[in-house]
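Notes to accompany the following structure.
The residues of the chain are indexed from 1 along the displayed sequence.
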Amino acid sequence: QVRLVESGGGSVQAGGSLRLSCTTSGHTSSNYCMAWFRQVPGKEREGVAGLDDDGTTSYSDSVKGRFTISRDRATNTLFLQMNNLKPEDTAMYYCAAQPGETMGWVHAPQAFAYTLWGQGTQVTVSS
């Protein structure tokens, strides 16, 4: 059974940085497309950044230039480096995975395409 566990969330002032991690285990496929999503109460889950198994990345316009998605295959860990954080980045952040080599997102990844999810880590940015 594939398991995704997020960590690294917390509280930070505007302009600060955080690095989220998503440790994965129990892989049943050799290829996974990964992504980060976020959600605030009462709103739909929003795609933040995607990283396909072939190395292709995609970002939402709201985080492009500030966030960077990456992965360490040796430790099966997905990262999201978040710089210049803004109050509107406050949300629960989720890691997601889907077996396959590529999703082909032009912009932000879409939640419907991912079947494996973590429990989330809270990010709070104060002004």
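- Note that OG of S58 and CG of L51 are 8.5 Å apart. Values are rounded to the nearest 0.5 Å.
- Heavy-atom minimum distance, F79 versus D72: CE1-CB, 3.9 Å.
- Taken from CG in L85 to OG in S17, the straight-line distance is 6.0 Å, to the nearest 0.5 Å.
- Shown here are the salt bridge (charged side-chain N to carboxylate O under 4.0 Å, His left out) partners of R66, two or more places apart in sequence or in another chain: D89.
- Counting only distance, with no hydrogens or angles, the side chain of E6 and the backbone of G120 share a donor-acceptor pair below 3.5 Å.
- At a threshold of 4.5 Å between non-hydrogen side-chain atoms, the residues Q122 and T90 count as touching.
- For P87 against A14, the heavy-atom pair with the smallest separation is CD-CB, 4.1 Å.
- Note that CG of N83 is 6.5 Å distant from OG1 of T68, once rounded to the nearest 0.5 Å.
- Residue H107 qualifies as open at atom NE2: its count of foreign heavy atoms under 6.0 Å is 12 or below.
- Looking only at distances, a side-chain donor or acceptor of Q110 sits under 3.5 Å from a matching main-chain atom of A108.
- What you find for P109 and F37 is that their closest heavy atoms are O-CE2, 3.6 Å.
- Residues W117 and I69 are members of separate hydrophobic clusters, defined by side-chain heavy-atom contacts under 4.5 angstrom among Ile, Leu, Val, Met, Phe, Trp and Tyr.
- Considering all non-hydrogen atoms of both residues, G47 and S60 come closest at O-CB, 3.4 Å.
- Following chains of ILVMFWY side-chain contacts shorter than 4.5 Å, one cannot reach M92 starting from V12, and the two form parts of different hydrophobic clusters.
- The closest donor-acceptor contact from the side chain of T121 to the backbone of Y93 lies at 3.5 Å or more, if one exists at all.
- Atoms OG1 and CG, from T77 and L20 in turn, are 12.5 Å apart once rounded to the nearest 0.5 Å.
- Rounding to the nearest 0.5 Å places CG of D53 at 7.5 Å from OG of S29.
- Enclosure of atom CD in Q119 is not indicated, since only 12 or fewer non-hydrogen atoms of other residues, nucleotides or ligands lie within 6.0 angstrom.
- When each of L78, L80, V5 is tested with C22 by the rule side chain to side chain contact (heavy atoms under 4.5 Å, CB included), just one qualifies, namely L78.
- With sequence neighbours excluded, no residue satisfies disulfide (SG to SG under 2.5 Å) with C33.
- How far CZ of R45 is from CZ of R38: 13.0 Å, rounded to the nearest 0.5 Å.
- M34 is listed as a side-chain neighbour of T24, based on a closest heavy-atom distance under 4.5 Å.
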Determine all donor-acceptor pairs shorter than 3.5 Å in which one atom belongs to a side chain in residues 94-105; sequence neighbours excluded.
unit_1, atom_1, unit_2, atom_2, d
Q98, OE1, T115, N, 2.9
Q98, OE1, T115, OG1, 2.7
T102, OG1, D52, OD2, 3.1
T102, OG1, G104, N, 3.4
W105, NE1, Y114, OH, 2.9

